[in-house]
Amino acid sequence: MSAAPAILSAQEIVLRYNDRVLLDHASFGLAAGDRVGLVGRNGAGKSTFLRILAGELEADSGEITRQRGTIVGYLPQTFELDPAHTVYESVRGGAQHVLDLIHEFETLPGHTKRHDELEEKINHLDGWNIDTRIRTALNQLGCPPDDRNVAKLSGGERRRVALARALVAQPDVLMLDEPTNHLDTDSVEWITEFLASYPGALLVVTHDRHFLDQVANVIVELRNGVFERYVGNYTEYLFSRAEKLASEELVEHKRQMFLRKELEWVRRRPKAQTSKSKARIDRFFAAEADAPPAEEGDMDLVIPPPPQLGNRVVDLTGIGMEFSGRSLFSGLDISFANGTRIGITGRNGLGKTTLLKIILGELEPTTGTIKVGQLTKFNYVDQSRLQLREDRTVLDEVSDGTEWVQWGEIKLSLRAYLKRFLFTDDRITAAVKWLSGGERSRLLLAKVLKRGGNFLILDEPTNDLDLQTLRVLEEALTSFQGCVLVVSHDRYFLNRVCTGILAFEGDGQIAYSDGNYDYYLEKKKRAAGLPVPAVKTNKPQAPKSPVPEPVVAPKGKGRKLSFKEQRELEGMEAAIHAAEADVARLETMLASPDFFRTQGARASAVITELDTAKAQAARLFARWEELEALRSAAA
């Protein structure tokens with residue numbers, strides 16, 4: 001619980017679903033200024049709890065309280081908009097309580113008590129700027145034109161309108177369920193900046209870890225039916241949670257040691273029932289009755305070993321595409337090599353999925369040529385969930401008439417294969433229509449990945465996956481011995497997985513950059529002459545090796561780079577990328593759910609190695625800036 005008074009709280013909430021307890025006497029408090037990220041496995045009850053707080057669902061027992069006059073805004077995953085309204089009317093309706101105050105204020109004579117009270121409330125809600133807020137939200141979220149009818153919008157367009165509607169109200173408490181789903185990168189960046197300075201309290205369920213790092217100051221995990229609170233952003237939560245789990249493991253280990261030690265003595269049961277021996281027996285049975293920490297299974301997602309790739313994988317030369325006289329992109333040249341993991345990013349509607357279909361041979365480009373290696377075998381994971389049939393069971397969806405999955409040189413039974421994707425025996429025989437969004441995503445991955453292939457193409461694979469499953473998917477992709485092409489707006493995912501970024505920048509422009517997404521953004525900002533902000537973190541950092549300040553050559557006195565310096569500059573980008581990859585590898589190791597349990601003795605050494613790797617990456621970047629300054633001055 002927060003030290004400040006809670007403006008919205010839940011006390012001893014109990015909720016059962018069939019034989020399963022989702023919330024087990026769970027308590028939660030949200031104070032003014034809290035920006036809480038609610039995390040937990042899919043199916044743990046996060047969205048259900050938001051519905052209880054919003055008053056849409058009643059718990060079996062417990063109490064929900066809120067301070068008098070508190071206004072709560074809520075955007076669920078599934079929502080309704082009035083189909084008779086236009087886009088602008090729908091968004092403006094989200095601030096109806098503010099509009100009502102303004103209307104009442106304008107109808108009252110001045111210098112009355114009620115008039116003054118209303119003016120104070122309107123100022124508090126920033127009501128006089130409501131039209132500006134509406135226009136900003138509509139533009140920044142890429143909503144359809146104002147006069148479009150809601151009934152004619154696509155699912156993604158409706159979600160943007162609903163999100164804009166929730167934001168413009170600026171309630172005292174804003175609750176959002178997966179707000180970044182189906183938003184492009186620019187929209188995610190805007191909403192991240194907007195919510196980072198949101199004046200009210202925020203409670204958000206999301207799998208977007210970059211969003212949580214930038215916005216949240218508290219992470220609350222719903223685990224085993226109760227809430228566990230961690231102060232800080234997502235990165236700090238990972239460290240704190242790992243330490244907590246390691247501590248639980250140690251306590252359980254000591255309990256087991258005590259039980260083994262005492263078991264023989266208890267079996268002998270001394271004849272003399274002294275108070276001392278009785279107390280010892282009581283301690284044994286008390287320790288035996290203590291339940292060990294509940295174990296959480298992690299998905300053992302190992303992608304089937306791919307067949308060998310040839311020297312040529314896929315080569316694109318001068319690729320361009322037009323639709324109805326409009327050019328999506330043109331002049332694209334790129335060659336994919338074995339071991340590369342390319343992330344495709346950019347606003348919606350710029351042609352990202354079209355490019356995938358060109359590579360797969362499903363569309364002919366308007367201009368250019370594509371050459372696919374003879375040994376290249378594609379495996380495409382579509383963002384659509386239409387590949388799953390609602391009436392079939394999980395087992396039937398994957399079987400395709402066979403009970404085995406080819407896994408390199410061996411065969412796995414279908415049940416053993418599905419258990420790698422966290423499907424228990426009862427869920428394996430469940431119908432698809434009863435699966436959660438995360439279970440559907442895991443089933444889709446299981447269904448498609450068993451086809452094999454050495455060139456994986458994934459279109460928005462992170463939608464609906466919980467954080468634990470995302471980490472496992474990232475680890476599986478980084479260890480995949482083939483080629484990966486992935487479309488994603490998940491910045492954290494792109495940073496952990498990708499060796500290169502293919503960015504659709506608008507106006508038909510596509511830019512390629514070696515390295516992860518953050519490095520692409522840095523290069524883009526530096527090329528535009530914009531300052532590059534430091535990465536936000538609230539976690540104290542270990543001392544780093546001193547980094548030399550870049551040398552800026554004075555104008556008119558520059559010298560040419562020596563041959564050795566020129567060669568050093570040419571290889572600097574690859575060196576920086578390798579250093580950042582080393583940092584990412586070590587961060588991935590520390591973030592692994594079982595690292596502190598299985599390798600706790602190495603933690604200190606790995607953290608020291610990570611600090612050294614970060615310092616090396618910083619030194620290389622400083623040297624690159626120095627050489628670039630010398631080259632520019634001599635130009």
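What you are looking at is a predicted structure, and each value in this text was computed from that prediction instead of being measured. Because only heavy atoms are used, hydrogens play no part in the values below, and waters and symmetry mates are left out as well, while side chains stay in.
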Calculate, to the nearest 0.5 Å, the distance between atoms [atom1] and [atom2] belonging to [X] and [Y] respectively.
{"X": "Tyr417", "Y": "Lys447", "atom1": "OH", "atom2": "NZ", "value": "11.5 Å"}
{"X": "Leu332", "Y": "Leu502", "atom1": "CG", "atom2": "CG", "value": "6.0 Å"}
{"X": "Tyr517", "Y": "Asn495", "atom1": "OH", "atom2": "CG", "value": "9.0 Å"}
{"X": "Thr206", "Y": "Glu178", "atom1": "OG1", "atom2": "CD", "value": "5.0 Å"}
{"X": "Ile334", "Y": "Asp315", "atom1": "CD1", "atom2": "CG", "value": "10.0 Å"}
{"X": "Glu221", "Y": "Arg241", "atom1": "CD", "atom2": "CZ", "value": "4.0 Å"}

Considering only distance and modelled atom types, tabulate donor-acceptor pairs under 3.5 Å from the side chains of residues 476-491, sequence neighbours left out.
unit_1 : atom_1 : unit_2 : atom_2 : d
Thr478 : OG1    : Glu474 : O      : 3.1
Thr478 : OG1    : Glu475 : O      : 2.9
Ser479 : OG     : Glu475 : O      : 3.1
Ser479 : OG     : Ala476 : O      : 3.1
Gln481 : NE2    : Ser479 : O      : 3.1
Ser488 : OG     : Asp490 : N      : 3.0
His489 : ND1    : Thr185 : OG1    : 3.4
His489 : NE2    : Asn348 : OD1    : 3.2
His489 : NE2    : Glu460 : OE2    : 3.2
Asp490 : OD1    : Tyr492 : N      : 3.2
Asp490 : OD1    : Phe493 : N      : 3.1
Arg491 : NE     : Asp518 : OD1    : 2.8
Arg491 : NH1    : Glu189 : OE1    : 3.4
Arg491 : NH1    : Glu189 : OE2    : 3.1
Arg491 : NH1    : His210 : NE2    : 3.4
Arg491 : NH2    : Asp518 : OD1    : 2.9

Next item on the list: Determine yes or no for a side-chain-to-main-chain donor-acceptor pair under 3.5 angstrom, with Lys46 supplying the side chain and Val39 the backbone.
Entry: no

Checklist line | Expected output: side-chain Arg392 to main-chain Glu397 donor-acceptor under 3.5 Å | finding: no

Below 4.5 Å, heavy atoms only, C-beta onward: do [X] and [Y] meet side chain to side chain?
{"X": "Val372", "Y": "Phe378", "answer": "yes"}
{"X": "Leu328", "Y": "Leu350", "answer": "no"}
{"X": "Arg209", "Y": "Arg496", "answer": "yes"}
{"X": "Leu356", "Y": "Thr354", "answer": "no"}
{"X": "Arg347", "Y": "Ser187", "answer": "no"}
{"X": "Gln214", "Y": "Glu193", "answer": "no"}
{"X": "Leu316", "Y": "Ile359", "answer": "yes"}
{"X": "Lys371", "Y": "Val314", "answer": "no"}

Mind listing the closest non-hydrogen atom pair of [X] and [Y] along with its distance?
{"X": "Asn233", "Y": "Leu212", "value": "CB-O, 3.7 Å"}
{"X": "Tyr512", "Y": "Ile342", "value": "OH-CD1, 3.7 Å"}
{"X": "Asp208", "Y": "Phe211", "value": "OD1-N, 3.0 Å"}
{"X": "Leu414", "Y": "Trp404", "value": "CG-N, 4.1 Å"}
{"X": "Asn379", "Y": "Gly453", "value": "CB-CA, 4.5 Å"}
{"X": "Asp459", "Y": "Tyr380", "value": "OD2-OH, 3.7 Å"}

Item checked: Residues which pass ring pair (Phe, Tyr, Trp, His ring centres under 6.0 Å) with Phe504, listed by chain and number, not counting sequence neighbours -> Phe329

Margin query: Restricting to ring pair (Phe, Tyr, Trp, His ring centres under 6.0 Å), what partner residues turn up for Tyr230, sequence neighbours left out?
Written below: Tyr237

Is it true that atom [atom1] of [X] has more than 12 heavy atoms of other residues, nucleotides or ligands lying nearer than 6.0 Å?
{"X": "Lys523", "atom1": "NZ", "value": "yes"}
{"X": "Glu364", "atom1": "CD", "value": "no"}
{"X": "Asp426", "atom1": "CG", "value": "yes"}

Next item on the list: Quick one: list whatever passes side-chain contact (heavy atoms from CB on, under 4.5 Å) with Ala44, sequence neighbours left out.
Entry: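 For Ala44, the residues satisfying side-chain contact (heavy atoms from CB on, under 4.5 Å) (neighbours in sequence not counted) are Leu222.
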
When you check the side-chain N and O atoms of [X] and [Y], is any donor under 3.5 Å from an acceptor?
{"X": "Thr393", "Y": "Asp396", "value": "yes"}
{"X": "Thr317", "Y": "Asp333", "value": "no"}
{"X": "Asn454", "Y": "Thr376", "value": "no"}
{"X": "Glu403", "Y": "Ser413", "value": "no"}

Margin query: I'd like to check the side-chain hydrogen bond (donor to acceptor under 3.5 Å, both in side chains) partners of Asp391; sequence neighbours left out, ordered by chain and number.
Written below: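 None.
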
Notebook entry, point to check: Going through the checks in order, is the side chain to side chain contact (heavy atoms under 4.5 Å, CB included) test met by Phe421 and Leu443?
Noted result: CA-CA 8 Å; Phe421 292 81; Leu443 176 56; over 6 Å; no

Check: Going through the distances and angles, do Gln374 and Arg312 end up as a side chain to side chain contact (heavy atoms under 4.5 Å, CB included)?
Finding: CA-CA 8 Å; Gln374 291 185 345; Arg312 168 178 285 164; over 6 Å; no

Check: Are Asp514 and Thr499 close enough, and set up right, to give a side chain to side chain contact (heavy atoms under 4.5 Å, CB included), and what steps lead you there?
Finding: CA-CA 6 Å; Asp514 283 318; Thr499 60; over 6 Å; no

Notebook entry, point to check: Residues in salt bridge (charged side-chain N to carboxylate O under 4.0 Å, His left out) with Glu322, at least two apart?
Noted result: none

Item checked: Result of checking Leu395, Val398, Leu418 against Phe423 for side chain to side chain contact (heavy atoms under 4.5 Å, CB included) ->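 Testing each of Leu395, Val398, Leu418 against Phe423, the sole residue satisfying side chain to side chain contact (heavy atoms under 4.5 Å, CB included) is Leu418.
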
